[in-house]
Amino acid sequence: MLAMILEERKSPLRAVDIPRREPGPGQIEIEVRACAVCRTDLHIVDGELAGAPLPITPGHQIVGRVSALGTGAHEHRIGYRVGVPWLGWTCGVCRYCTSGRENLCAQARFTGYEIPGGYAEYTVADERFCLPLPDSYSDIDAAPLLCGGLIGFRAWQMAGEAQTIGFYGFGSAAHILLQIARADGRSVFAFTRAGDRASQELAMSLGASWAGASDETPPEPLEAAIIFAPVGALVPQALGSLAPGGSVICAGIHMSDIPRFPYSLLWKERSVRSVANLTRQDGHLFFERLRTISIRPHVTTFPLREANNALRKLRDGEIEGSAVLTT
């Protein structure tokens, strides 16, 4: 099968022909139809996330059909469509796993990082961590929902009942979450790179109340701000636009250092918190929510062999919405 392999950090992926893996106990083999490209993939390729064993096949927003079952696998039949997210395995017995916080499991393993991912024609996954997908979403539209959507949704839940919300970094996650926010009647203020008119126009077309550069002041105070861009300097910037009692939520797995800032920005019970991974429960809640509303990701597709081109365009800020690899 064709797979795009990372053999050395800070190097392009290499297209190789490798044998298909046999699914082990409790695992399923999946014929990949689509795999969205995530900024976390860039962090892995660019060496900003250490620890991944090499070589590795990236990709953790996988949509495909079950093509083989390992011993004891019974939750999905051959031919069923499933989604494979970032969280690929947990121990199931630690204090985090047994208290609904499996996203914090110290033994957790992640798809496309420690487990071969979806930049390939076939992959293998633990069936317990594969999610059923709403039939109303095509393979290509469903792929970005498996991280951009899911991590965005977890961050969204942390925003609570905030009515005015700022999104810093308007990419895959933000453009999906904006559609959910509008369905819930919230006002969204989209912050982009300076001069990024294309992203600002996309935000406005999806229902944002305002769009501007990340160093601009929004027209009214924010009750919450979600930072999707991996830029630590945005934390004090967002705090400066936050109403008393509001929260800044850092939704990325990697971020540059947060600069020093005066305590006055945090005063009046403002808070800063992070989002770590996701739980399977997040997935089920998210896809149940999507059965009640209609959202559509803005997608640019690339053939699997063009994964390096997709990653380059994402790195250079040339992707509006989401990038998806197809097989």
Side-chain angles (χ1 to χ4, degrees), residues 38-44 46 48-51 60-61 85-87 96 101-105 108 110 113 144 146-162 164-178 180-181 186 188-193 199 203 213-218 221-279 282 286 314-315 317:
C38 181
R39 186 160 292 277
T40 299
D41 301 336
L42 268 184
H43 295 320
I44 294 169
D46 292 346
E48 294 167 329
L49 286 181
H60 57 273
Q61 301 183 87
W86 171 247
L87 185 66
Y96 295 112
R101 298 177 292 166
E102 65 182 5
N103 59 308
L104 302 178
C105 174
F110 303 103
Y113 181 51
L146 286 155
C147 186
L150 280 172
I151 297 298
F153 184 70
R154 186 170 180 85
W156 174 249
Q157 291 176 302
M158 289 184 180
E161 298 301 315
T164 55
I165 305 176
F167 290 170
Y168 285 79
F170 198 79
S172 183
H175 95 284
I176 292 169
L177 194 59
L178 171 55
I180 296 175
R186 315 290 180 90
V188 174
F189 302 84
F191 297 83
T192 72
R193 296 180 184 181
S199 293
S214 59
D215 59 355
E216 293 185 53
T217 300
L222 307 174
E223 295 179 9
I226 302 176
I227 299 179
F228 295 106
V231 181
L234 291 175
V235 172
Q237 182 71 34
L239 280 169
S241 296
L242 210 62
S247 297
V248 171
I249 300 149
C250 302
I253 194 171
H254 170 82
M255 179 178 276
S256 60
D257 289 347
I258 300 171
R260 294 178 62 181
F261 59 86
Y263 178 65
S264 58
L265 290 180
L266 199 61
W267 172 239
K268 293 191 176 179
E269 299 190 349
R270 298 177 178 91
S271 64
V272 179
R273 63 182 307 183
S274 68
V275 173
N277 313 312
L278 71 149
T279 68
D282 291 328
F286 177 60
L314 180 60
R315 183 185 293 110

How would you list, by chain and number, every residue that makes a ring-ring contact (aromatic ring centres under 6.0 Å, His included) with [X], sequence neighbours excluded?
| X | value |
| --- | --- |
| Phe110 | Trp86 |
| Phe189 | none |
| Phe228 | Phe167 |

Considering residues at least two apart in sequence or located in another chain, which fulfil the salt bridge (Lys or Arg N to Asp or Glu O under 4.0 Å) criterion with Arg273? none
Contacts of Asp46 meeting salt bridge (Lys or Arg N to Asp or Glu O under 4.0 Å) (sequence neighbours excluded), chain-then-number -> Arg315
For Leu87 and Leu278, the nearest pair of non-hydrogen atoms, with its separation, is CD2-O, 3.2 Å
Mind listing the closest non-hydrogen atom pair of Met158 and Val275 along with its distance? SD-CG2, 3.6 Å
Going by the rule side chain to side chain donor-acceptor pair (under 3.5 Å), which residues pair with [X] if we only count those two or more places apart in sequence or in a different chain?
| X | result |
| --- | --- |
| Ser214 | none |
| Arg154 | Asp282 |
| His60 | Asp41 |
| Glu223 | none |

N/O donor-acceptor pairs under 3.5 Å from side chains in residues 232-259, not counting sequence neighbours:
from	atom 1	to	atom 2	distance (Å)
Ser247	OG	Ser271	OG	2.9
Ser256	OG	Gly232	N	2.8

Just by modelled atom types, is the Thr279 backbone N or O under 3.5 Å from a matching donor or acceptor in the Asn103 side chain? no
Do the rings of Phe191 and Tyr168 sit parallel, tilted or perpendicular, given the 30° and 60° boundaries? parallel
Qualifying ring-ring contact (aromatic ring centres under 6.0 Å, His included) pairs with a residue from residues 234-253, counting only residues at least two apart or across chains: none
